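These notes are about the structure you will find just below.
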Amino acid sequence: MSSEAVTLLGVIRQHSERPLLIQGDEQLTPSALVDAALKIRSAYPELENAGVALQFSDNLKLLITLLAMDGFAAEILLLPPCLADTSLEHTISATGVSWLFRESGPTALAPEPAAVRAHDATHWLFTTSGTTGTPKVFSHTLSSLLTTTRPARGKSRESRWGLAYQPHRFAGIQVVLQTLVSGSVLVMPAANDINSMVESFVGNGVNTLSATPSQWRNFLSHGGLDRCPLRQITLGGEIADQAILSALAHQFPAARIVHIYASTEAGVGFSVADGKAGFPEAWLGRHTALELGISDSGSLLIKSPAISHSESLRPRLTPDGFLDTEDGVETANGRVYFLGRVTGIINVGGNKVHPEEVENVVREVPGVRNALVRAKNNPIMGQLVLLEVQADGLSAEEAGELKRRIRDHCRALLPAYKVPALITVVDELAVSDSGKIERKKSA
Amino acid sequence: MRTLILRLMAEIAENTDCSLVEDLQDNTVLLESGLDSLGFAILVARLEEELGRDPFTETDDIVYPRTLGEFIAIYEQ
């Protein structure tokens, strides 16, 4: 591994001694973090230049292991703590990593781990689920991830960040990198429920917080964050509507409120700080380091040298080098507003749902002739999963029974956010000229 | 309105493996009622089906309710 590449350990070593990470009673300074990371490296020398998947439920342990592996392993893959069984196998085989590192230590995934792969810098692999269940892999390096991180400003060292996202997620990594690079304090809740978060953020005087619009609605309804001296509020991971932006401005008048648009796959994005939904139409063309445009089919186009060069993105590049984000937009009154995914992917409170995956599960239920899943816009979670099922001549009672069986079957096989929230039984589903069921826009 | 909301809350709790607290009062904090935020999102969508309106999207100037009483009041307006 080249010694010139930027590494997280190298970045942290430059900070002066004071707490950098706080979780519960633990406060870790840069030197404590460096020591803990080096201890992991010397305990597991076999991981040098290997592909390593990290799966932790303890956020602090995950971050220390991440510090150890960046600049040491050839590839890092961050896995959700709950990923298991076939989903775990699919993800691991799609990325080709050869070690699985958990709280209990690393285990080799094959009798003879794959040959050493040499890269100039550690590759950070992220996966998104595909329609067929085969995850798509996107690769970044620390340098490419840092291009989307705002450079440290004068006051950033006084920032006290709260971590509301899980750190294995792309949005969580952005927050972690932002704080580690700028040397601000990062406060990590010991658990991911709202009461633990609020308690930990209030107790540690968090003044900078990034969360999804759905999480923010939850925080506002909870009310406890009123005791946080918030001066920077960020919304990301979902479309920020005007209602949540206005409600936050009203509740936290001293805070700067920013909503972020980011494409996980492309590794690029931009932020909007004028308190209004969408972004100014004048940004189309060149905006900061990005070029923005709208495709003929109405999706946002982005051009940037920072765009990930993954194979899987190639089909979405236009001849003049723009990436089709597949996020639908419309312009009105001098603003560009986000409409949701043109591919039909549903975003339930920041969690992505492929309609096809849910439709396939629903079609397994006896009595279902066909199924159509689409987004239903919702003021609490952004969107919900709406299901229409085709079934023949059922009485009201039989339709109710069918809905119950569909719900039970989906609950057994899918996480809660993918289970259809609303179910309608219809006699017929609209079929397009090509014979496919028509995937209309969100309702 | 109150009866409709309480009936739907019970139905959604059953459908989403949640259990409502036994004694729901106007001052019950929504997030401690037993329904999670996904459950409340479904409640708003089901109420839109029943009533044909979603008061949360009727204005950009909304207050996110903290208690059950505040939630019901939004629908009684």
Side-chain angles (χ1 to χ4, degrees), chain A residues 193-195 197-198 212-226 241-251 275-277 348-351 375-386 400 403-404 406-408 410-412 415-424 443, chain B residues 4-5 7-21 24-75 77:
Chain A
D193 64 283
I194 186 156
N195 286 325
M197 281 194 197
V198 169
T212 65
S214 293
Q215 284 177 305
W216 279 114
R217 291 181 195 109
N218 234 350
F219 284 135
L220 284 181
S221 181
H222 182 281
L225 275 193
D226 295 2
D241 59 17
Q242 192 58 53
I244 185 62
L245 292 169
S246 300
L248 285 169
H250 180 260
Q251 195 65 42
K276 294 185 202 152
V348 182
N351 297 299
K376 160 80 183 157
N377 289 338
N378 182 272
I380 312 291
M381 297 294 277
Q383 295 186 321
L384 289 177
V385 174
L386 172 73
K403 287 186 198 178
R404 194 189 56 74
I406 291 170
R407 229 176 243 125
D408 287 349
C410 289
R411 267 153 68 189
Y417 65 90
K418 291 184 181 176
V419 174
L422 297 168
I423 304 179
T424 319
Chain B
L4 172 66
I5 289 175
R7 177 170 66 77
L8 288 175
M9 282 177 77
E11 180 191 313
I12 293 162
E14 197 192 325
N15 288 343
T16 56
D17 291 326
C18 293
S19 47
L20 294 179
V21 294
L24 284 175
Q25 301 284 341
D26 268 1
N27 61 4
T28 303
V29 173
L30 283 181
L31 295 168
E32 291 165 5
S33 66
L35 276 193
D36 57 11
S37 52
L38 182 59
F40 274 101
I42 298 173
L43 177 61
V44 170
R46 290 282 285 112
L47 282 166
E48 188 191 346
E49 278 187 340
E50 299 278 340
L51 306 170
R53 64 183 278 250
D54 171 3
F56 290 95
T57 53
E58 286 164 8
T59 165
D60 283 340
D61 195 21
I62 65 158
V63 176
Y64 292 93
R66 292 181 189 188
T67 63
L68 183 59
E70 289 170 16
F71 183 85
I72 294 172
I74 289 176
Y75 281 89
Q77 270 168 26

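Only a predicted model underlies this, so the values are computations on that prediction, with no experimental measurement involved.
- Heavy-atom pairs under 4.5 Å with chain B were tallied for A:R404, A:Q242, A:R411; the largest tally goes to A:R411.
- Heavy-atom proximity under 4.5 angstrom to chain A picks out B:L30, B:L31 from residues 27-36 of chain B.
- Separating the CZ atom in B:F56 from the CZ atom in A:R217 is a distance of 10.5 Å, to the nearest 0.5 Å.
- Proximity to chain B (any heavy atom under 4.5 Å) is shown, for A:N218, by both the backbone and the side chain.
- Heavy-atom distances place no part of B:E58 under 4.5 Å from chain A, backbone and side chain included.
- Shortest non-hydrogen contact noted between A:L384 and B:A41 is CD1-O, 3.6 Å.
- Looking at B:E70, there are no atoms closer than 4.5 Å to chain A (heavy atoms on both sides), in backbone or side chain.
- Pairing each heavy atom of A:S221 with each of B:P65, the nearest pair is OG-O, 2.7 Å.
- Within the 4.5 angstrom heavy-atom criterion, only side-chain atoms of B:D54, from C-beta onward, approach chain A.
- Residues A:L220 and B:Y64 share a closest heavy-atom pair of CD1-CD1, 3.6 Å.
- Taking A:V419, A:D408, A:D241, A:I244 one by one and counting their heavy-atom pairs under 4.5 Å with chain B, the maximum is reached by A:I244.
- Of the listed residues (B:D17, B:T67, B:V44, B:T57), the greatest number of heavy-atom pairs within a distance under 4.5 Å of chain A belongs to B:D17.
- For A:K376 and B:E49, the salt-bridge test fails: no basic side-chain N is under 4.0 Å from an acidic carboxylate O.
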* Start with the C-alpha distance between A:M381 and B:S37, add both sets of side-chain angles, then the distance that settles side-chain contact (heavy atoms from CB on, under 4.5 Å), and finish with yes or no. => CA-CA 8 Å; A:M381 297 294 277; B:S37 52; 4.0 Å; yes

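- Residue B:N15 holds its CG atom at 11.5 Å from SG of A:C410, rounded to the nearest 0.5 Å.
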